[in-house]
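These numbers were taken from a predicted model, which means no experiment stands behind them.
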Amino acid sequence: MIRTEEMLLNVGPQHPSTHGVFRLVLKIDGEIIVEAKPVIGYLHRGTEKLAENLQYTQIIPYTDRMDYVSAMTNNYVLVHAVETMMGVQIPERAEYLRVLAMELNRVASHLLWWGTFILDFGATSPLLYAFRDREMILNLLNELSGARLTFNYMRVGGVKWDAPEGWIEKVAEFVPYLREQLKGYHQLVSGNEIFLNRTKNIGIYTKEEAIQYSLSGPNLRSAGVKWDLRKDEPYSIYDRFDFNIVTRDEGDVLARYHVRMGEIVESLKIIEQAVQQFPKQGEIMAKVPKIIKAPKGEAFVRIEGSRGEIGCYISSDGKKEPYRLKFRRPSFYNLQILPKLLEGESISNLIAILGAVDIVLGEVDG
């Protein structure tokens, strides 16, 4: 066996395929990765510590900056934790608006992932299609919240604003449109021979390994674990909707691709049902004090975000600011398996494996 001299190679932190300010220090022997060490912290902003000096409503904009391509779910997990401590009953109309906002944001997040993931392989056209359709969702969320990326829409007790006139009808029209576009997505990419060669049997892990590494979301379900908090531990009004948990058994890069594509379809099902069930009238805010004070005690809640399980722990001493606050950020946990997946791999598979994990660095660094 011919051995070459081992060398260190930096990938990132400024690299278009690292999906954020993320650095990988690789030890390579020729084209084979011997060791991979993720280096994080370039985007660290100390959200959890800052929250100790902020009122609960003031913390919401900080959650937008964690997973900044799926901010609605981050908004929700924080207010859900506070509401759990306070025992607040959320009005029906507000619950439906929350679900619509979160599922639209989930679809937008997966579309962004699809476009950038295929761009990692060198194909430009899919990115343009993905951004075209994602733009339609961002326009809808902009009409709802007044922002395009950092929405700051959820409030303790409900939502900031009601849906504008005609908004529900626009959402209803978008569902069949995107369903039709997804057929084109699959025709363009899913059966492409080059794409299949770059993703099939690459970056494999087993069901047991996925659980051991605390993976969640599509990364967990791609290894055959049928677990989705919207179904298994329903929160909000998710128990009212009929949808499936998308799983694959292969545990490779291609499986993670198909799980996310399948989740877009299931989110569209939820959106369609939520539009049909949407209350014609009703309040969008519960009766809560202007200055929120969570009672003494602690609470932990978890929800199904776009990248997996988002948790929020709050410890309160009865003041208007939390005593301690901690988020469980799925990208941070999902990233742990990367060194194992890359060891012994060809460097040509590096970006495909990293892209399939689908990390957002704001969520990794907090």
Inset, instruction - For the residue pair His19 and Asp358, confirm or rule out a side-chain donor-acceptor distance under 3.5 Å. - result: no
Inset, instruction - Would you please name every residue forming a side-chain contact (heavy atoms from CB on, under 4.5 Å) with Ala123, sequence neighbours left out? - result: Ile118, Pro126
Legend entry - Any residue meeting side-chain contact (heavy atoms from CB on, under 4.5 Å) with Arg148, in chain and number order, not counting sequence neighbours: Glu135, Leu138, Asn139, Asn142
Inset, instruction - Only counting residues at least two apart or in another chain, list the ones meeting side-chain contact (heavy atoms from CB on, under 4.5 Å) with Leu119. - result: Thr124, Leu127
Legend entry - Distance-only donor-acceptor check, side chains Ser70 and Ser109, under 3.5 Å: no
Inset, instruction - Please identify each residue that fulfils salt bridge (charged side-chain N to carboxylate O under 4.0 Å, His left out) with Glu363, with sequence neighbours left out. - result: none
Legend entry - Side-chain heavy atoms of Ile270 within contact of Arg230, under 4.5 Å: yes
Legend entry - Pairs satisfying ring-ring contact (aromatic ring centres under 6.0 Å, His included), at least one member in residues 224-251, at least two apart: Tyr76-Tyr235, Tyr235-Tyr238
Legend entry - Within-4.5 Å side-chain heavy-atom neighbours: Arg179 and Val265: no
Legend entry - Residue pair Ser236 / Glu95, side-chain donor-acceptor N/O under 3.5 Å: yes
Inset, instruction - Name all pairs fulfilling the side chain to side chain donor-acceptor pair (under 3.5 Å) condition that reach into residues 290-303, sequence neighbours left out, sorted by first residue then second. - result: Glu233-Arg302, Glu298-Tyr313, Arg302-Glu309
Legend entry - Flag for Arg240-Gln273: side-chain donor and acceptor within less than 3.5 Å: no
Legend entry - Flag side-chain contact, heavy atom, 4.5 Å: Val159 against Met285: no
Inset, instruction - Not counting sequence neighbours, list each pair that qualifies as a side chain to side chain donor-acceptor pair (under 3.5 Å) and has a residue in residues 333-343. - result: Glu209-Lys340
Inset, instruction - Would you please name every residue forming a side chain to side chain donor-acceptor pair (under 3.5 Å) with Asn192, sequence neighbours left out? - result: none
Legend entry - Residue pairs involving residues 163-176 (criterion salt bridge (Lys or Arg N to Asp or Glu O under 4.0 Å); sequence neighbours excluded): Glu143-Lys170
Inset, instruction - Please name all residues satisfying side-chain contact (heavy atoms from CB on, under 4.5 Å) with Met261, sequence neighbours left out, ordered by chain then number. - result: Trp114, Leu182, Tyr185, His186, Tyr257, Ile264
Legend entry - Residue Glu250 excluded, over 12 heavy atoms near CD under 6.0 Å: yes
Inset, instruction - Sequence neighbours left out, what pairs pass side chain to side chain donor-acceptor pair (under 3.5 Å) with at least one residue falling in residues 56-66? - result: Thr63-Asn75, Asp64-Asn75
Legend entry - Min side-chain heavy-atom separation Asp252-Lys200 under 4.5 Å: yes
Inset, instruction - Verify whether the ring centers belonging to Phe22 and Tyr42 lie closer than 6.0 Å. - result: no
Legend entry - Sequence neighbours excluded, every pair satisfying side chain to side chain donor-acceptor pair (under 3.5 Å) that has a member inside residues 314-326: Glu52-Arg324
